[in-house]
There are 2 protein chains.
Amino acid sequence: MKNKILEHRKGKGFTQDALAKKCNVSRQTINAIENDRYDPTLQLAFKIARVLNTTVDNVFKP
Amino acid sequence: MKNKILEHRKGKGFTQDALAKKCNVSRQTINAIENDRYDPTLQLAFKIARVLNTTVDNVFKP
DNA sequence: TGTTTATGTCAAAAGTTTTTTACATTTAGC
DNA sequence: GCTAAATGTAAAAAACTTTTGACATAAACA
């Protein structure tokens with residue numbers, strides 16, 4: 001699953017750690033997802049999208 | 001996680017079984033998700049949305 | 001260079017989803 | 001009311017994912 005987390009994250013000036021904290025997950029989780037090591041749960045996908053001020057469909061592409 | 005699978009599914013005239021087959025999962029999986037017993041993987045969420053001709057953000061709400 | 005901050009990666013644990021088999025209940029049409 | 005189709009549910013196992021702590025590497029920059 002491709003994603004545009006990096007793009008949106010940088011756009012907001014967030015570090016992985018900052019984004020992680022806002023999503024209440026570990027930095028490694030954000031890193032792993034950002035680098036396509038695995039897909040987030042649907043819940044976390046929504047959380048990430050919300051924190052990045054966008055939609056799930058916008059951040060992730062199958 | 002709330003969802004509008006039933007609504008969209010009926011709109012297309014699909015049974016749970018039909019939707020399941022189109023998504024390559026078991027009928028019980030669709031049934032369980034439709035009835036909020038658990039959330040699908042992000043992959044499956046996208047598949048369901050695609051089969052129902054809509055978006056993940058449209059079908060699911062945190 | 002040395003220090004700090006940011007990112008990358010592992011292995012294992014923890015947790016979740018999915019499948020299967022089976023049966024119960026409901027709904028729709030005849 | 002009967003029948004067939006559709007839906008609901010359960011338990012257990014299999015498959016898969018996510019998370020975490022720990023450590024490694026890289027980047028920034030004074």
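Per chain, numbering begins at 1; letters A, B, ... match sequence-line order.
- Looking at residues two or more places apart in sequence or on another chain, you find a side-chain contact (heavy atoms from CB on, under 4.5 Å) between B/T54 and B/H8, B/L52, B/N58, B/V59.
- Nearest approach of B/L44 to B/C23, heavy atoms of both residues: CD1-CB, 4.1 Å.
- At the phosphate of C/dG8, OP1 or OP2 sits under 4.0 Å from a side-chain N or O atom of A/N35.
- OP1 or OP2 of D/dG8 has at least one side-chain nitrogen or oxygen of B/N31 nearer than 4.0 Å.
- Two residues are said to be in side-chain contact when any heavy atoms from C-beta on lie closer than 4.5 Å; B/L19 and B/I5 meet this criterion.
- Remark: B/K21 pairs with B/D17 by the salt bridge (Lys or Arg N to Asp or Glu O under 4.0 Å) rule, at least two apart or across chains.
- The minimum heavy-atom distance between A/K61 and A/K4, with the atom names listed, is CE-NZ, 4.4 Å.
- Side-chain N/O atoms of A/R9 include one lying less than 4.0 angstrom from OP1 or OP2 on C/dT7.
- A salt bridge (Lys or Arg N to Asp or Glu O under 4.0 Å) check over residues 30-46 of chain B, counting only residues at least two apart or in different chains, returns the pairs B/R9-B/E34.
- Nearest heavy-atom pair, A/F60 versus A/I33, reported as atom, atom and distance to 0.1 Å: CE2-CG2, 4.1 Å.
- Nearest-nucleotide positions on DNA chain D place B/T15 closer to the 5' end than the other of B/T15 and A/L44.
- A/K10 comes within contact range of the sugar-phosphate backbone alone, with a heavy-atom separation under 4.0 Å but no base atom that close.
- Under the 3.5 Å distance criterion, the side-chain polar atoms of A/N31 are left unmatched by any main-chain donor or acceptor of A/R27.
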For this session: At under 4.0 Å between heavy atoms, which parts of nucleotides 19-30 of chain C does protein reach? Answer with one letter per nucleotide, 5' to 3': B base, S sugar-phosphate only, - none.
Result: BBBB--------
Pairs under 3.5 Å (N/O, protein and nucleotides 25-30 of chain D):
none

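- The two atoms that bring B/T29 and B/Y38 nearest to each other are CA-OH, 3.7 Å, heavy atoms only.
- Scanning both residues, B/A49 and B/T55, for their nearest heavy atoms gives CB-C, 3.5 Å.
- Protein atom CG of A/L42 is 16 Å distant from nucleotide atom C1' of D/dC16, rounded to whole Å.
- Rounded to 10°, the angle separating the first-five-pair axis and the last-five-pair axis of the helix from C/dT1-D/dA30 to C/dC30-D/dG1 equals 60°.
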